[in-house]
Protein chains: 4
Amino acid sequence: MTKNKIKAVAYRQLAEKGYDRATLSSIAKEVGIKTPSIYAFYKNKEDLFMAVYKDLLQDYYLYMIKAIEQTSNKGVKERLYQIVEDLCHYHLSQPEKTTSYMKLSFFLPPTLNDEVKEIFSEMEEALCDVIKGIFSEGIEKGQLKKQSIDDLTASFLCLMDGIFLEMHYYQYHTFKQRVQQVWNIFWNGICMNMHQRD
Amino acid sequence: MTKNKIKAVAYRQLAEKGYDRATLSSIAKEVGIKTPSIYAFYKNKEDLFMAVYKDLLQDYYLYMIKAIEQTSNKGVKERLYQIVEDLCHYHLSQPEKTTSYMKLSFFLPPTLNDEVKEIFSEMEEALCDVIKGIFSEGIEKGQLKKQSIDDLTASFLCLMDGIFLEMHYYQYHTFKQRVQQVWNIFWNGICMNMHQRD
Amino acid sequence: MTKNKIKAVAYRQLAEKGYDRATLSSIAKEVGIKTPSIYAFYKNKEDLFMAVYKDLLQDYYLYMIKAIEQTSNKGVKERLYQIVEDLCHYHLSQPEKTTSYMKLSFFLPPTLNDEVKEIFSEMEEALCDVIKGIFSEGIEKGQLKKQSIDDLTASFLCLMDGIFLEMHYYQYHTFKQRVQQVWNIFWNGICMNMHQRD
Amino acid sequence: MTKNKIKAVAYRQLAEKGYDRATLSSIAKEVGIKTPSIYAFYKNKEDLFMAVYKDLLQDYYLYMIKAIEQTSNKGVKERLYQIVEDLCHYHLSQPEKTTSYMKLSFFLPPTLNDEVKEIFSEMEEALCDVIKGIFSEGIEKGQLKKQSIDDLTASFLCLMDGIFLEMHYYQYHTFKQRVQQVWNIFWNGICMNMHQRD
DNA sequence: CATGAATGAGCCTTCATTCAT
DNA sequence: AATGAATGAAGGCTCATTCAT
């Protein structure tokens with residue numbers, strides 16, 4: 001279906017060049033159609049990229065939610081670690097998506113901003129809820145020190161953001177190593193360690 | 001001096017709109033000159049933004065180095081915390097610089113990329129060295145657990161990156177709170193805590 | 001067809017004003033379209049004028065070759081004279097082409113130079129061959145004095161160049177007269193004149 | 001004297017790039033001054049190039065007149081040949097002047113055209129007169145066949161134009177050879193050859 | 001004399017978009 | 001559904017020129 005091919009290319013070029021340099025004509029050329037044909041499927045450049053953005057966000061969201069749910073029968077530590085792992089895996093396995101995602105975050109054309117931000121907020125909230133649930137459980141079960149759940153969540157999300165950013169600077173191996181360390185330190189900071197952290 | 005005014009405006013618009021949308025004509029208009037006048041001072045759009053970028057990087061670098069040096073007589077914990085504080089202060093006190101800085105990181109026009117990356121690497125290396133020094137000292141003095149210094153440094157930088165990214169999403173108050181938490185957890189993960197973390 | 005109309009106008013303006021002053025916008029205006037429309041047909045200003053040049057050279061070449069071939073059943077003197085006549089006729093009947101042709105020779109934008117020169121060389125070579133053939137025949141038949149064919153050809157081409165240049169300076173009548181004289185002198189210099197030149 | 005240096009550079013660049021591409025700023029750069037400084041010496045770009053053109057024409061004219069006069073005690077053949085030689089020498093020894101001269105002929109900015117043409121005509125007339133004188137003498141002395149002096153002059157000038165144009169296409173050696181041949185043929189066409197041409 | 005600063009005019013080019021086919 | 005043709009708007013840039021210093 002041409003419509004999807006257009007979206008896919010738009011999305012690839014968004015990652016590569018950003019919104020402004022991802023020209024409708026360059027997209028058309030890569031798809032193998034003429035520029036005006038795009039208008040048969042999308043009202044606008046804005047419209048096209050709105051579709052791309054929505055896909056992008058939803059894709060990430062669905063992936064994370066699903067990944068987290070699959071760990072529901074594991075312990076708190078495993079679950080949290082799994083989330084970090086999943087985050088890494090998601091971005092590492094499709095770096096283009098990640099780049100798009102970043103450009104999306106920092107470089108939205110003003111018009112798109114509001115609508116995208118809304119979707120973004122909704123998603124974040126949902127993800128937050130899941131994570132909060134895990135922390136609640138951890139505290140209830142005595143695996144985590146008693147702490148404000150909101151604080152823990154915020155802290156965890158911050159860690160994920162850090163990792164997310166670093167992914168850009170470092171190469172695969174270096175990156176993996178760093179994730180490991182940050183995780184250890186994080187976990188040791190929040191877990192209920194009897195005499196010693198493990 | 002017009003030359004500096006141009007650079008300042010370019011820099012403000014870079015933060016606001018990014019490289020592509022920071023038009024020479026829009027810059028000229030804000031400065032209060034006509035577009036071709038820019039060429040009396042800068043060879044190019046690229047040239048102008050190269051100047052902006054160099055300033056940006058150098059400014060940040062000098063600030064951090066100086067800030068760190070001013071803590072040289074304090075203890076390890078204080079020094080590390082101070083660095084985090086300084087990072088925050090730097091970006092919070094001049095959010096435009098930060099935004100520029102981010103756009104710079106993710107959205108360089110291809111030509112500028114190499115030269116900027118080089119400057120960037122040099123700076124990062126210098127910063128790294130300072131931080132490594134602090135960790136060495138901490139371990140020697142028995143304030144930190146014995147750990148690979150490289151690992152500690154990497155971990156600390158990752159934390160700073162996370163904070164850096166978060167600065168964008170959250171508002172002042174929320175942000176400050178999060179920094180606090182991340183810091184606590186980080187410190188507790190690395191310090192030589194006798195019986196209890198403080 | 002707009003594409004051809006653009007080329008025709010470009011060609012007229014090239015003759016009138018030369019490459020630099022033949023602005024895309026002035027061409028567009030004369031054609032009755034807006035400047036960017038030109039880009040629907042030609043990639044570039046360079047591209048457009050490349051097309052003009054190629055046409056120009058080919059047109060001249062085809063005309064001369066055809067004209068020469070039509071004299072193949074005549075004597076050497078008649079054939080050579082006919083070539084001179086054809087050259088004059090070609091340029092006199094469409095002076096714009098000639099002017100373009102000259103500007104082309106002396107004032108090519110550097111980029112076009114190489115490609116055009118190549119075409120030009122090919123053409124010249126082909127024309128040379130035909131003329132050499134005529135001289136060979138003339139000598140074999142004893143109508144011309146024995147002389148190096150290469151020299152004769154060179155000499156004849158020089159004569160044509162002279163005429164070509166003069167066409168620019170003088171008005172029709174004067175010019176025609178001069179051609180006559182140069183031809184007489186040339187022919188008398190090369191023909192096998194018994195006692196007297198005729 | 002800066003004024004003359006400017007003219008010299010203007011003249012060199014005219015030869016190299018033609019009027020339009022010989023920018024005031026590129027001239028200034030080569031001279032080693034700033035663009036507006038040119039206006040201290042010349043009212044205009046047009047004014048500057050008018051000066052260049054006048055020099056060019058006068059230089060050529062003076063050279064030819066002087067060269068011809070120096071042969072006044074020689075025979076007709078020698079004198080005519082010497083003129084051809086001088087023409088060649090003039091252009092070959094300073095090819096830049098020649099190129100300027102040609103661009104001047106074919107590519108004058110419309111404004112300059114009239115004034116330059118006038119100077120040009122005056123010069124040509126003066127040169128014509130000298131040549132006519134030589135031919136008159138040749139006929140009177142019985143060295144040349146009786147022919148209209150105007151025709152002979154026209155014919156000779158045409159020969160010079162041809163040579164002038166060819167100078168552009170061919171390299172030194174080839175060119176010299178051609179000149180020789182054309183000259184022979186020309187002379188044989190006009191001289192009073194008893195039984196045989198020499 | 002020389003120049004730094006500034007500018008109006010204009011050039012080539014690209015882009016998103018429209019519309020008839 | 002697709003495209004050829006066309007365009008308004010705008011962008012980066014160069015040029016000749018002016019003017020105050």
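Chain letters run A, B, ... following the sequence lines, proteins first and then strands; every chain starts at 1. Side chains included, hydrogens not; waters and symmetry mates left out as well; all remaining heavy atoms used.
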I'd like to check the side chain to side chain donor-acceptor pair (under 3.5 Å) partners of Y63(C); sequence neighbours left out, ordered by chain and number.
H89(C)

Residues which pass side chain to side chain donor-acceptor pair (under 3.5 Å) with Y39(B), listed by chain and number, not counting sequence neighbours:
none

Would you please test D20(A) and Y19(B) for side chain to side chain donor-acceptor pair (under 3.5 Å) and show each step?
CA-CA 10 Å; D20(A) 283 312; Y19(B) 187 87; over 6 Å; no

Whether N44(C) contacts dC12(E) is assessed here as follows: a side-chain N or O lying under 4.0 Å from the phosphate OP1 or OP2. Is that the case?
no

List in chain and number order the residues that pass side chain to side chain contact (heavy atoms under 4.5 Å, CB included) with [X], two or more places apart in sequence or in another chain; answer none if no residue qualifies.
| X | answer |
| --- | --- |
| Y11(B) | V52(B), L56(B), K97(B), S100(B) |
| E124(C) | F120(C), Y170(D) |
| D55(C) | K7(C) |

Could you list all N or O pairs between the protein and nucleotides 2-5 of chain F that sit under 3.5 Å apart?
unit_1, atom_1, unit_2, atom_2, d
dT3(F), OP2, K34(A), N, 3.2
dT3(F), OP2, S37(A), OG, 2.7

Donor-acceptor pairs under 3.5 Å, side chain of residues 24-37 of chain C to any protein atom, not counting sequence neighbours: which ones?
unit_1, atom_1, unit_2, atom_2, d
S26(C), OG, Q13(C), OE1, 2.5
S26(C), OG, K17(C), NZ, 3.4
S26(C), OG, T23(C), N, 3.4
S26(C), OG, T23(C), O, 3.0
E30(C), OE1, R12(C), NH2, 2.9
E30(C), OE1, Q13(C), NE2, 2.8
E30(C), OE2, R12(C), NE, 2.9
S37(C), OG, K34(C), O, 3.2

Residue set satisfying salt bridge (Lys or Arg N to Asp or Glu O under 4.0 Å) with K54(A), at least two apart, ordered chain then number -> E115(A)

To the nearest 10 degrees, how far apart in direction are the end axes of the helix from dA2(E)-dT21(F) to dT21(E)-dA2(F), each fit to five base pairs?
10°

Atom CD1 of I27(A) to atom P of dT17(E): distance rounded to whole Å?
11 Å

